[in-house]
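Below, read A as the first sequence line, B as the second, and so on, with proteins coming before strands; counting in each chain starts at 1. No experiment lies behind these values; they were computed from the predicted model shown.
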Protein chains: 2
Amino acid sequence: MRDVINWGILGAGNIAGALVEGIREAGGRVAAVGSRDAERAAVFAGRFDIPASYGSYEDLLGDDGVDAVYVATTNELHHRNTLDAISAGKAVLCEKPFALNAHQGEEMRAAAQSAGVFVMEAMWMRFIPATVALLQMVERGDLGEIRAVAADFSFQANAGPEHRLVDPALGGGALLDLGLYPISLAMLLLGEPTAISAQASIGPSGVDEQVAASMVFPGGQVGSIYASFLADSPVEAHVVGTEGRAWVRSRFHNSERLDVVAPDGSVTVHEYPLAGNGYRFEVAEVHRALLAGETESSLRPLADTLSVMEVLDGIRAQIGVRYPGE
Amino acid sequence: MRDVINWGILGAGNIAGALVEGIREAGGRVAAVGSRDAERAAVFAGRFDIPASYGSYEDLLGDDGVDAVYVATTNELHHRNTLDAISAGKAVLCEKPFALNAHQGEEMRAAAQSAGVFVMEAMWMRFIPATVALLQMVERGDLGEIRAVAADFSFQANAGPEHRLVDPALGGGALLDLGLYPISLAMLLLGEPTAISAQASIGPSGVDEQVAASMVFPGGQVGSIYASFLADSPVEAHVVGTEGRAWVRSRFHNSERLDVVAPDGSVTVHEYPLAGNGYRFEVAEVHRALLAGETESSLRPLADTLSVMEVLDGIRAQIGVRYPGE
């Protein structure tokens, strides 16, 4: 592994562009981009000043100058793209949802372990300074014993019938794209839930347009989350403890602020400015791990990712959302 | 019926004292108080300058000078006290929860209808000016189509083993005392849910110390609520619409403020100062209805109260909380 990590971007959509900046801010080099559409790849390369572009994912993965791949395709492709990248010996940062279901996720983990290749879910929330501070705050007991975590993630997507968010074949639905954030936050703080119940509103295409879930955790804590692409909700999180509560301002997954409310009602504001591209923190973790020769991130191990996938599977079973081939 | 309503207070606890002030601010007269403990009743009467006190509920209900009774006993007594008051021909404002379950509630409604006596649940939130304004805002469509309602109601009760909140025999649990508020708000706005799922943390005495529920409503809206007596949560409500959302500040059930967030992020603050005792609004509704000769409030009809009781019954069945005799 070189001192500077050379990245290949697999997919050429909006999120891919955002990561290019994050990679550079984290000191990485973007060596190439690959898309199924050669022109789209070339346009992306030109726009972001990337030396190489490929008209197929295979060609990107065949580039010896690429150390790590960021999988930025639509949800249903994450599994295939990650397996192919592992086969090509590339480290992988895979956009969330990591896979369509836990079974796919297990295959990805097994392949990575077998090949000794680094793989991490792009759960960037985990590495945002405010999230890190929140976890430390909870770990230190600053909020006392945690009793509840509540969070929401909804925005008005105005998703027409062609939008990926409503297409079951592309792994659409509010849960996998949005609900996964509040669920991941609750699980970061409280571990695996012992029980979950969910309700959803299913749209004409068969995916969940809105979903709400109630959880209980081993310590008796409750989780209360909802997600939707039909309207703008606060997109905030509340971590309720016996000695105070933390209010993570919008959007909680990349917040720059924690308001801690003490039992006497007094509020202490902690600020954690992103001061740049919010994706650079997860990229920095990939860099650190790769340079240390690690095959998983200790901060976002695949076990955590797969726990979340299992919860998502359980919720989908309850709300009756299945993807083609499941 | 006289021009000034004469009230009897059935029970002599904290909530009873709060209502005495509300009754007076609403122009009513507090004629008597009754408790199972004559001394407690006398102390209460002295403290609040009430002309008569009785050492039994029966004696209070036998007082011809009393037009209306406020039932302020513990949860398990609301059913019996209300039935007895109806038998005595007294109008009833019954503290929430209206009953332990929908079956009790149905009996209370049937008795009231049969006797032609006014009965209303003391769901004071319904009459708070901010709530009234919120309902009008939603009705006018100011927030577009409503997509979600989220609310929480938790506080740190430090309830020892003797506390009524943890006693199943007294109808304890977070759901009936606290969860009922966010559920009632969601149902005021969205009607009866088509499906509900809940999870809870059950304490050593067998009641729910914490509860979270996910709901879906006929228009596909979702509801996300939680309640607990183990820690202080925000106690706020969010009403999420396609053209804006309303943030009802703590405590949402008697808030003095609605912050309306437009799709462009701009916030308009609407203030609704209580300017006095928050209970006086529900009392004023009782006065209005009684003087008009009505036997139910059109703003909080018993049908609404019973719908909520049915939801509470359904949640308790899911979380496994039963009261003695059920």
Side-chain angles (χ1 to χ4, degrees), chain A residues 143-152 154 156 158 174 182 193-203 208-217 219-234 236 238-245 247 250 261-263 265 315 318-319, chain B residues 143-152 154 156 158 174 182 193-203 208-217 219-234 236 238-245 247 250 261-263 265 315 318-319:
Chain A
L143 306 176
E145 291 177 32
I146 304 304
R147 299 302 196 193
V149 174
D152 66 284
S154 310
Q156 187 147 357
N158 297 313
T194 53
I196 307 165
S197 290
Q199 291 293 338
S201 168
I202 308 297
D208 50 304
E209 297 183 326
Q210 305 208 109
V211 60
S214 305
M215 289 168 271
V216 178
F217 293 87
Q221 307 96 336
V222 295
S224 182
I225 72 104
Y226 70 100
S228 156
F229 52 69
L230 297 186
D232 299 328
S233 72
E236 294 181 337
H238 297 274
V239 181
V240 176
T242 52
E243 293 175 28
R245 60 186 163 85
W247 172 20
S250 180
V261 184
I315 291 175
Q318 288 186 35
I319 64 177
Chain B
L143 305 176
E145 290 177 33
I146 302 306
R147 299 301 196 194
V149 173
D152 66 284
S154 309
Q156 187 147 358
N158 297 314
T194 52
I196 307 166
S197 290
Q199 292 292 339
S201 169
I202 307 298
D208 50 305
E209 296 182 328
Q210 305 208 109
V211 60
S214 304
M215 291 169 270
V216 178
F217 292 87
Q221 307 96 334
V222 295
S224 182
I225 73 104
Y226 71 102
S228 156
F229 51 69
L230 296 186
D232 298 328
S233 71
E236 294 180 338
H238 298 274
V239 181
V240 177
T242 52
E243 294 175 28
R245 60 187 164 84
W247 172 20
S250 181
V261 184
I315 292 175
Q318 288 186 34
I319 65 178

Practice task
Please name all residues satisfying side-chain hydrogen bond (donor to acceptor under 3.5 Å, both in side chains) with B:Q199, sequence neighbours left out, ordered by chain then number.
Solution key: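 Residues passing side-chain hydrogen bond (donor to acceptor under 3.5 Å, both in side chains) with B:Q199: A:S197.
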Report the option among [options] that has the most heavy-atom pairs separated by less than 4.5 Å from atoms of chain A.
| options | answer |
| --- | --- |
| B:Q318, B:Q221, B:E145, B:H238 | B:H238 |
| B:P263, B:G219, B:A150, B:A195 | B:A195 |
| B:T242, B:T194, B:V261 | B:T242 |

What part of [X] is in contact with chain A, defined as an atom under 4.5 angstrom from a non-hydrogen atom: side chain, backbone, both or neither?
| X | value |
| --- | --- |
| B:A198 | backbone |
| B:I196 | backbone |
| B:R147 | both |

Practice task
For B:V211 and A:V222, work out which heavy atoms get closest and say how close.
Solution key: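 Nearest pair, atom of B:V211 first, then A:V222: N-CG1, 4.3 Å.
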Donor-acceptor pairs under 3.5 Å, side chain of residues 223-234 of chain B to any protein atom, not counting sequence neighbours: which ones?
from: B:S224; atom 1: OG; to: A:S224; atom 2: OG; distance (Å): 3.2
from: B:S228; atom 1: OG; to: B:Q210; atom 2: OE1; distance (Å): 2.8
from: B:S228; atom 1: OG; to: B:L230; atom 2: N; distance (Å): 2.8
from: B:D232; atom 1: OD1; to: B:Q156; atom 2: N; distance (Å): 2.8
from: B:S233; atom 1: OG; to: B:D152; atom 2: OD2; distance (Å): 2.3
from: B:S233; atom 1: OG; to: B:S154; atom 2: N; distance (Å): 3.1
from: B:S233; atom 1: OG; to: B:S154; atom 2: OG; distance (Å): 3.3

Exercise for the section: Determine the option with the most heavy-atom pairs under 4.5 angstrom with chain B, choosing from A:A200, A:G203, A:G244. Expected result: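 Between A:A200, A:G203, A:G244, the count favours A:A200.
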Exercise for the section: Find the one option among A:S250, A:G144, A:S201 whose heavy-atom pairs under 4.5 Å with chain B are most numerous. Expected result: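 Ranked by heavy-atom pairs under 4.5 Å with chain B, first place is A:S201.
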Exercise for the section: Report yes or no: does A:S214 contribute a side-chain atom to a donor-acceptor pair with the main-chain N or O of B:S214 at less than 3.5 Å? Expected result: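 Looks like yes, one N/O pair under 3.5 Å.
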